Structures are given as structure tokens and as C-alpha cells.
4 protein chains.
Amino acid sequence: MGRTGPHRDLNLQARILTSTRDLIFAEGPRAVSINQIASHAGVGKQTIYRWWPSKASVVIDALEQQFASESPFPTSGSAKEDIRTQMRAVAATFSSPTGSMIRELVAEAQGDPVLAEEFRTRFVAERRRGGAAALRAGIAGGQLRADLDIEIVIDLLYAPLWLRMLLGHQPLDEATVDAIVEQAWPALKA
Amino acid sequence: MGRTGPHRDLNLQARILTSTRDLIFAEGPRAVSINQIASHAGVGKQTIYRWWPSKASVVIDALEQQFASESPFPTSGSAKEDIRTQMRAVAATFSSPTGSMIRELVAEAQGDPVLAEEFRTRFVAERRRGGAAALRAGIAGGQLRADLDIEIVIDLLYAPLWLRMLLGHQPLDEATVDAIVEQAWPALKA
Amino acid sequence: MGRTGPHRDLNLQARILTSTRDLIFAEGPRAVSINQIASHAGVGKQTIYRWWPSKASVVIDALEQQFASESPFPTSGSAKEDIRTQMRAVAATFSSPTGSMIRELVAEAQGDPVLAEEFRTRFVAERRRGGAAALRAGIAGGQLRADLDIEIVIDLLYAPLWLRMLLGHQPLDEATVDAIVEQAWPALKA
Amino acid sequence: MGRTGPHRDLNLQARILTSTRDLIFAEGPRAVSINQIASHAGVGKQTIYRWWPSKASVVIDALEQQFASESPFPTSGSAKEDIRTQMRAVAATFSSPTGSMIRELVAEAQGDPVLAEEFRTRFVAERRRGGAAALRAGIAGGQLRADLDIEIVIDLLYAPLWLRMLLGHQPLDEATVDAIVEQAWPALKA
DNA sequence: CGTTAAGCGAGACGGTACGTCCTGTCTTAAC
DNA sequence: GTTAAGACAGGACGTACCGTCTCGCTTAACG
């Protein structure tokens, strides 16, 4: 019992997300419209709205696709080293074109609570989990203080990276990461 | 060699900035258009565009006006206490309607390098100066480590507040501030 | 090779033209803005600009719509009588609210060569054709001179009506038409 | 009781009128703003509004200045020849840049009854007087029919020239003038 | 010969309309 | 029946011009 007409082309979603990413890479955050994405992907606007409620929702999926291939960090045994490695990876991402997508989402989320929640749940929480795991491993291994407030410490370490991406008030490179780790270390070490 | 003709009407400027602030407080940052500001201030649209290049530029000035009356923090003698007081004030501002204006500016700055630079120079740098002063005083008084990297430490302490305002992933209250200070203190104290 | 997607909504076009005519009749030609037309027709401004390059272009179409229902003049057998009848009809139109639309178009066309050409082709030429036909019939019937320069004679007869509409220097009524016909008749009759 | 202060600088008016004429010559009718005239004349806007109520009023004065040096037509003794000469002069003016000024005024007058009246009184009536004089001379000399309706005949002869300037539907040259005169002559001659 | 008030340039002002752009929904024709 | 193309209502944007107003410079008549 076959059906007639073309079927949902699953390639379409991928094409849309790729176009979104390419356009944001090329034009920077906030400079991309739904119309542009649609025509760049060779897709009708309705096809986008069928699956996503807003441009930002598309961006968040494109971002997730970007991270899909992310491999977990190897653990070296040294908590300080593992933290530094993770932070360097975050800094590198924030400095790369992928940072533009994140900046776009943060910007859009300021006026869209639904998106904000989605962004927190699907992206922010996800990234924090990795950091928390490293911290907990360090505590378990006796290298970090047992009484650390994990959420607070994650903010101490990572918020500077976020802020430098968003405001650009200070550089965001490996030296910066190292300085943060060194500066914060006395507060972390057992 | 003065110039002839009428000059910038400072009264008017104030009216525009006040209207901008009032509207943003009432409607939220994304819901305010230049037309609304103009008609609320009883002003022609061109008068706004004569003096500011964009809505965001008006907002940044309105924000500055908001902080113009800011009084300097009293110093208690205790570096830890002074830092905590300042951070609590920042957290309070970030949680107030004024925070909406800041969030709007951060969002808009993601796509507007000129605005971003203006925001860094006129707002961010200004606020960081206060924190740096408190830290230097603490170092001079022997209560804080002499080898602190001031810029890094400011980020450690304040970036979490910024990020909680922008992402809303964690609360932003006095308890949070206290937890941050306590957690970071071992890294700061002499 | 057809095209896909929705097509020009002719219903909508009619609504826009009717609104244009109604507003010009009510307010006079110069007092009508595109925004007014759009909101009176319950239409987005872009919908107007999608199909017409300027307000004047809309007016010219509204004018054409006005004349679409025009019935051809009955021929009485008397060339002089037929000419007079036609001229009276023109004078009546020029004196009616429809005259406002024509005056607006003539005015606008002074600064817009494209509109001028459109007006000549679609309105002026069309009206002149009727006059020319009457004249040729008169010549064929032996009532008018065989060597008439049709274009010149049409100007002789109708230009006074146009000019009185545009300048208002002299009345534009049936008596005027009759006087013109009587005065010019010796130059026309066989 | 005299007054103090500088007096009205009559040079200014001339400069304004010349600038107006130059700009209309250069840009065509309908393309000139008061701001442009003011800055081209090196004059404040208020100086223009001090003496003229509208842009069109300035144009009408500039036009009059243009005609100030006009010399009366010599009379040849032949009514037909005199009429033809006058009409050729009118056609030449209408075809020259001066025609742009007239077109601007006709256009503006369609929406401004006060200007329309001023234009009729100060320009149209003035020009018609010359034609009427030639016709009356021809009647007096027995070359033209005694029962001519002067106003109607002036329209018959000159309205085609006006209309060709305003609509551009037919050429406006000496051959045209000759054709009009020849075609109309049987209606005029005694 | 200094005072004073008008003429003047420059241009800021409130306001209106413009024509462009984008969003999110709806419609049509092709495959 | 899904799709690409794109029309649609709505509304913000930034520009241009209008006619009024204000500022400070210059200048001529009065005292």
C-alpha cells in the first residue's frame, strides 16, 4: 500500500542547518534572516517554520549539530591539567566561528524566554556537565577541596570565558585560560 | 571660533533618555521602537537620529544617565567586606529593570562592533575601575595577595554575575554573591 | 514553463484601486499617502509597492478602472453633433472628482518621465483615439474637410478643455464646449 | 521715528531667484527643495520664508524675472503673421529650460489654490493679454472675423502648446505652430 | 563713537511620508 | 501530499523635506 507524492526529505533539515551555520559564519551573528537561510538552502520558508518556531531555534539546532561530533576529554589523572584542557577547548570554540552562533543565541535569548530556556537546557547545562564531572573527579581523587560548591566554581572558571566572548573586553586565548586557572587554583586545591 | 545657529538642546536629550528608560522599564528592551521613544518624548524621529546612530546608542546613554548619580562605595577597612558590598550592588542592579537595559545592549552589541566598543569603553571599563580600586586597596593594606592579576580576578568575581544575568542559568542574589566571595577568598587573601 | 507560488491577487488589486479612488475623491489628490491607501484597503504597504512603483502609478490604474466601464458614444449621423457630445462628456469628467485624479497625475508626471510616458500611453492616447475616430467618420461622410490634420484638430478641440481643468483660468461647462465647437467649426466643415 | 539695524538686502532676493532658476534648469521640475535653494544661494532658509510663503511662490517670481526683459512683438501688418510669430515665441519658451519652471508651477498649483490664483493672475493672464491684443488688432484691421470670441480663440491657438509642454504627447516645434495656425485659419479669417 | 536692534547664515526642532526590509502565515503549482 | 516559491498583513527602520524656531554674528541708524 504505497503512498504518492514525494516523502519528507530528511536531507532538508541538514541542508537548512548547514546553511544557517554557513551564513552565520560568513555574515556574523545578528545579520542573518530566515529569508536568507531559506533561499540559501533552496528551501521554502514554510519548510523552516514547519519544524522550528523561530530563527533562533534553527540556530540552536545548528549549534548542536556542530557539537555532535565532540569527543569526551581524556582524563590525565591531574585535575588541574584536565580543567585547563577543558577550558582551553571552550576558549578555542568561543574564539572560532562557532562562537558567532553562540553569541547570536545569547543575544536572541535576551528577548525570548522560551528560547532562553531551550538554550540553557540544551546547550549551557550540557557544557556545564563536563566541567562538573572533572571537578567531581578531582574531589574524589583528593586533589580538590572536598567542600567545593560545584556550580559556583564552574561559574568562577567558565564565566570569564563567556564574558570575554560576549563583551570582548579582554583577550580570550590560552594564556588567559592559564592565568585564570593559576589565579583560581589556591581556592580549588585540597 | 564658535559656531552659529542653534545648539544641541540638552534638555531635550535628557527627555529622550528618560523616555527611553521609562519605556524599556515598562515594556522590556526588545519591545521599544525609535518611533515610540520619539513620540513618548514628544520629539521628531530625526532629532534622535541627529544625535545617536541607533536605538542601542540611545540606550547606552540612558544607561549612563542611570548611573550618573551613583555614589562611590564607602570603604570599611575590610577588603573582603568591601568586595562583597560592591558585588552585592552589582547583583542588585543586574536584577533590577536596569538589568534589562544592560541585557539589551549586550544583545545588540553582538551584531554591532561600533556599539560593542562604545559599550566596553563607556560602561564596562567604567564599572571595572571600581572593582580594581577595591582590589588594589586590599593589596596595599596587606589583606590581599600582592601578586594578584587584577583583570583576571575581576573576571573571576564579576563574570559570574554578568553570566547569571544574561543566561539566567543560576540565581543572582545576595547568597550567590556571598558564596562566590567565600569560594574565591582562598585565592585572594594574602 | 509556468511559475510556482501564489499569484497576484486580482481581488486585492481592485480593493487597492477602489480605496485609492475613494480617498482621492474624499481628500483631494495631494492629501493621500500610500500608508493611508494601504490601511484603508486593509493591505500591507509592501503589497502596494510589489505591484506599483509609486503612488502615481496606483492612481493611473485607479483612473483606468474608472474608465473601464465607459460605453462608446452613439453616432448620430451628424459629425458636429457627435463631436460636441464627446467634448461635453470630457468636460463633465474633467469637472467631476475624476478630474482630481487626472490633475494629480499630470502634476506628478511633470517630475517623473516614466509616469509621464505611462500616462500618455495608457490614458491620453486612449482618449484621443475616440476623438480621432469621430473626426475620421466625419471626413468619410463628407461632412468634414478631407485634408484635416487629425492630431492638430484634436488638440484644437480638446486642449482647451484640458487647460481649463489644469489652470482654471476659464470656466469648463457645456456653454464653453459649444462655443469652442462653434468657433472652430468653419475650420472643420467640408 | 526711524528704525535701526540693517535693511533688507535686495541682492539677496536676486540671488535666491537666480539659484531657483539655475536649480530647476539643472534638475528639472519637481526635483528642487527649499533646502537646496537656500544652500545654493548661500542663504538661510528663514530668509526665503521671510518673503515668500512657499517654494512655488519663489518659482513664480523667478519665472517673472525671466520674462522681465521680454520685448513686445513688432507688428508686421499681417495678423496671421503676427499670431504665428507670437505662437512660435511661446513654443520656443515652452521648449526651453524656462518651460521647466512653468511645468513646476502648473504641477504645484494642482494642490494649492492660492498659488493657482497667483499663477493665473500674474503669469497666465499676462501672457493671454498679448495674444488678445494681436487678435483685436486683426479684427480692427478687417483681417479677422469681427465676431470672434477672443477667449475661446486664444484657447484654441495656445492650449495645444501648453498641453504639448505638459503632456509631451506630440512635438512642440515651429512646424507644429504653423500647422495649428493653418488648420485654424479658416475659423479666424474675415 | 558706542549702543542697540534688525537682517542674516546656519541649522535644530516637531512632524509627515517615504520606500525598504523582515517576520510568520497562507496560497498555488509542480513533482 | 510534500515541497519551492512567494504573496500577504503588519510594522520598524532610517532618510528627506517641510515650515517654524533659535542662536550668535554683522551692520546701520540713533543717540
Side-chain angles (χ1 to χ4, degrees), chain A residues 3-9 12 32-39 41-50 52-55, chain B residues 1-9 11-13 16 30-39 41-55, chain C residues 1-9 11-13 30-39 41-55, chain D residues 1-12 32-39 41-55:
Chain A
R3 48 193 291 300
T4 98
H7 292 245
R8 178 191 284 184
D9 182 349
L12 276 182
V32 178
S33 72
I34 287 271
N35 274 332
Q36 276 179 292
I37 294 173
S39 80
V43 139
K45 251 197 307 186
Q46 191 56 52
T47 304
I48 297 182
Y49 282 109
R50 214 186 320 276
W52 293 279
S54 68
K55 178 182 58 163
Chain B
M1 189 214 74
R3 54 185 290 304
T4 172
H7 291 248
R8 181 170 196 163
D9 183 340
N11 223 18
L12 209 53
Q13 184 182 352
I16 291 168
R30 311 306 286 258
V32 177
S33 71
I34 289 272
N35 265 333
Q36 273 179 292
I37 295 173
S39 79
V43 139
K45 209 172 8 164
Q46 190 60 57
T47 300
I48 297 181
Y49 283 109
R50 204 181 338 268
W51 302 116
W52 292 279
S54 66
K55 183 179 61 163
Chain C
M1 185 216 73
R3 55 183 288 305
T4 170
H7 290 250
R8 180 171 199 164
D9 182 340
N11 224 18
L12 209 52
Q13 184 181 352
R30 311 305 285 259
V32 178
S33 72
I34 289 273
N35 266 330
Q36 273 180 292
I37 294 173
S39 78
V43 139
K45 209 168 17 160
Q46 190 60 56
T47 300
I48 297 182
Y49 283 109
R50 205 181 335 269
W51 302 115
W52 293 277
S54 66
K55 182 180 60 163
Chain D
M1 191 212 75
R3 51 185 290 301
T4 103
H7 288 249
R8 179 188 277 188
D9 182 347
L10 294 176
N11 254 8
L12 277 182
V32 178
S33 73
I34 286 272
N35 273 334
Q36 276 179 293
I37 294 172
S39 81
V43 139
K45 248 201 300 189
Q46 191 56 56
T47 302
I48 297 181
Y49 282 108
R50 213 185 325 270
W51 292 320
W52 293 279
S54 69
K55 179 180 60 164

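Chain naming here is simple, since letters A, B, ... match the order of the sequence lines and numbering starts at 1 in each. These numbers come from a predicted model, not from an experiment. In what follows, every heavy atom counts, from backbone to side chain, and hydrogens, waters and symmetry copies are set aside.
C:Arg30 has its CZ atom 14 Å from the C1' atom of F:dC18, to the nearest Å. Regarding D:Leu10, its CG atom lies at a distance of 14 Å from the P atom of F:dA28, rounded to whole Å. For C:Ile48 and F:dA9, the CD1 to P distance is 9 Å, given to the nearest whole Å. In this structure, D:Asn11 places its CG atom 16 Å from C1' of F:dT27, rounding to the nearest Å. Taking atom CZ on B:Arg8 and atom P on F:dT22, their separation rounds to 20 Å, with Å as the unit. Across the protein-nucleic acid pair, C:His7 atom NE2 and F:dA4 atom C1' stand 13 Å apart, rounded to whole Å. Between the P atom of F:dA4 and the CD1 atom of A:Ile37 lies a distance of 15 Å, rounded to the nearest Å.
For the atom pair B:Thr47 OG1 and B:Asp9 CG, the distance stands at 9.5 Å (nearest 0.5 Å). Rounded to the nearest 0.5 Å, atoms OH (A:Tyr49) and OG (A:Ser54) are 8.0 Å apart. Rounded to the nearest 0.5 Å, atoms CD1 (A:Ile48) and CD1 (A:Ile37) are 5.5 Å apart.
The salt bridge (charged side-chain N to carboxylate O under 4.0 Å, His left out) test applied to C:Arg50 returns no partner, not counting sequence neighbours. Considering only residues two or more places apart in sequence or on other chains, A:Asn35 meets the side-chain hydrogen bond (donor to acceptor under 3.5 Å, both in side chains) condition with A:Lys45. Partners of C:Arg8 according to the side-chain hydrogen bond (donor to acceptor under 3.5 Å, both in side chains) rule, which considers only residues two or more places apart in sequence or in another chain, are C:Gln13.
Over its length, the helix from E:dC1-F:dG31 to E:dC31-F:dG1 turns its helix axis by 10°, as judged from the five terminal pairs at each end, rounded to 10°.
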| query | side-chain contact (heavy atoms from CB on, under 4.5 Å) between D:Trp51 and D:Leu12: does it pass, once the steps are laid out? | reply | CA-CA 11 Å; D:Trp51 292 320; D:Leu12 277 182; 4.2 Å; yes
Using a cut-off of under 3.5 Å, enumerate the N/O to N/O pairs linking the protein to nucleotides 14-18 of chain E.
| residue | atom | partner | partner atom | Å |
| --- | --- | --- | --- | --- |
| E:dG14 | OP1 | B:Gly42 | O | 3.3 |
| E:dG14 | OP2 | B:Gly44 | N | 3.2 |
| E:dG14 | OP2 | B:Thr47 | OG1 | 2.8 |
| E:dC18 | OP1 | C:Ile34 | N | 3.3 |
| E:dC18 | OP2 | C:Ile34 | N | 2.7 |

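Remark: C:Trp51 is in phosphate contact with F:dC8, judged by side-chain N or O atoms under 4.0 Å from OP1 or OP2.
The two residues A:Gly44 and A:Ala38 have their closest heavy-atom pair at C-CB, 4.3 Å.
A:Lys55 places a side-chain N or O within 3.5 Å of a backbone atom of A:Val32 that can act as its donor or acceptor partner.
In this structure, D:Trp52 reaches neither bases nor backbone, as no heavy-atom distance under 4.0 Å exists between it and the strands shown.
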